[in-house]
Amino acid sequence: MAKEETPSVSRDLQELQRRLGLLLETFQNNSKVVAFMKSPVGRFLDRHPFLVLTMLMFVTMSAIPVGFFLLIVVLTSLGALMGAVLLEGLVISVCGLSLLCVLCGLGFLSLALSGIAMTSYVVVSCLMSYWFSPRPPTQQNANIDRQLAMKFTESEKPGL
């Protein structure tokens with residue numbers, strides 16, 4: 001059975017080698033690759049294949065740790081942003097409710113003080129107008145004044 005699979009495996013490997021050769025040829029004939037290979041950097045890399053392989057391996061192996069690092073940075077930034085937004089929202093809500101309570105208290109206080117001031121004004125103005133208004137003597141007041149004057153004059157008379 002192993003002998004029957006060997007020609008099939010070798011035929012598959014030859015087909016794979018041919019496809020990879022075509023892919024490599026297509027890649028090397030690309031105009032951008034040709035322009036890069038004619039540049040000084042491309043010529044340097046063509047003369048130092050070990051350096052190219054080392055750089056390729058480094059970039060390939062460092063992609064996962066760099067990706068994890070960037071993912072952690074983004075998630076941490078989003079978490080901090082959300083935390084800051086939530087904290088800021090909490091602070092604004094608490095301050096807004098406090099301001100609402102203070103303003104309601106000031107409204108009630110100003111209403112009470114206005115009521116007290118208006119009542120005081122009315123009472124004081126009524127009392128002042130009652131105390132200091134010029135009143136004409138009434139008939140009863142005149143009779144009382146005459147009786148007092150008569151008693152005073154009778155007490156001054158001698159012999160009584």
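What you see is a predicted model, and the numbers here were worked out from it, not measured in a lab.
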Side-chain donor/acceptor pairs under 3.5 Å, residues 60-75, sequence neighbours excluded:
unit_1, atom_1, unit_2, atom_2, d
Thr60, OG1, Leu56, O, 2.7
Ser62, OG, Phe58, O, 2.8
Ser62, OG, Val59, O, 3.3

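- Met82 shares a hydrophobic cluster with no other residue; no ILVMFWY side chain has heavy atoms under 4.5 Å from its own.
- Under a 4.5 Å side-chain heavy-atom criterion applied to ILVMFWY residues, the cluster that includes Leu20 comprises Leu16 as well.
- Contacts classified as side chain to side chain donor-acceptor pair (under 3.5 Å) and involving residues 21-49 (residues at least two apart or in different chains) are not found.
- Using a 4.5 Å cut-off between side-chain heavy atoms of Ile, Leu, Val, Met, Phe, Trp and Tyr, Leu53 falls into a hydrophobic cluster with Met57.
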Sequence neighbours left out, cut at 3.5 Å: what donor-acceptor pairs do the side chains of residues 98-115 make with other protein atoms?
unit_1, atom_1, unit_2, atom_2, d
Ser98, OG, Val94, O, 2.9
Ser110, OG, Leu106, O, 3.1
Ser110, OG, Gly107, O, 2.8
Ser114, OG, Ser110, O, 2.8

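- With sequence neighbours excluded, no residue forms a side chain to side chain donor-acceptor pair (under 3.5 Å) with Gln17.
- Under a 4.5 Å side-chain heavy-atom criterion applied to ILVMFWY residues, the cluster that includes Val41 comprises Phe27, Val33, Phe36, Met37, Phe44, Leu45, Leu51, Val52, Met55 as well.
- Under the side-chain contact (heavy atoms from CB on, under 4.5 Å) criterion, Arg19 pairs with Glu15, sequence neighbours left out.
- Residues meeting the side-chain contact (heavy atoms from CB on, under 4.5 Å) test with Leu127, sequence neighbours left out: Val123, Trp131.
- For the atom pair Leu81 CG and Thr76 OG1, the distance stands at 12.0 Å (nearest 0.5 Å).
- Applying the salt bridge (charged side-chain N to carboxylate O under 4.0 Å, His left out) rule to Glu88 yields no partners; only residues at least two apart in sequence or on another chain are considered.
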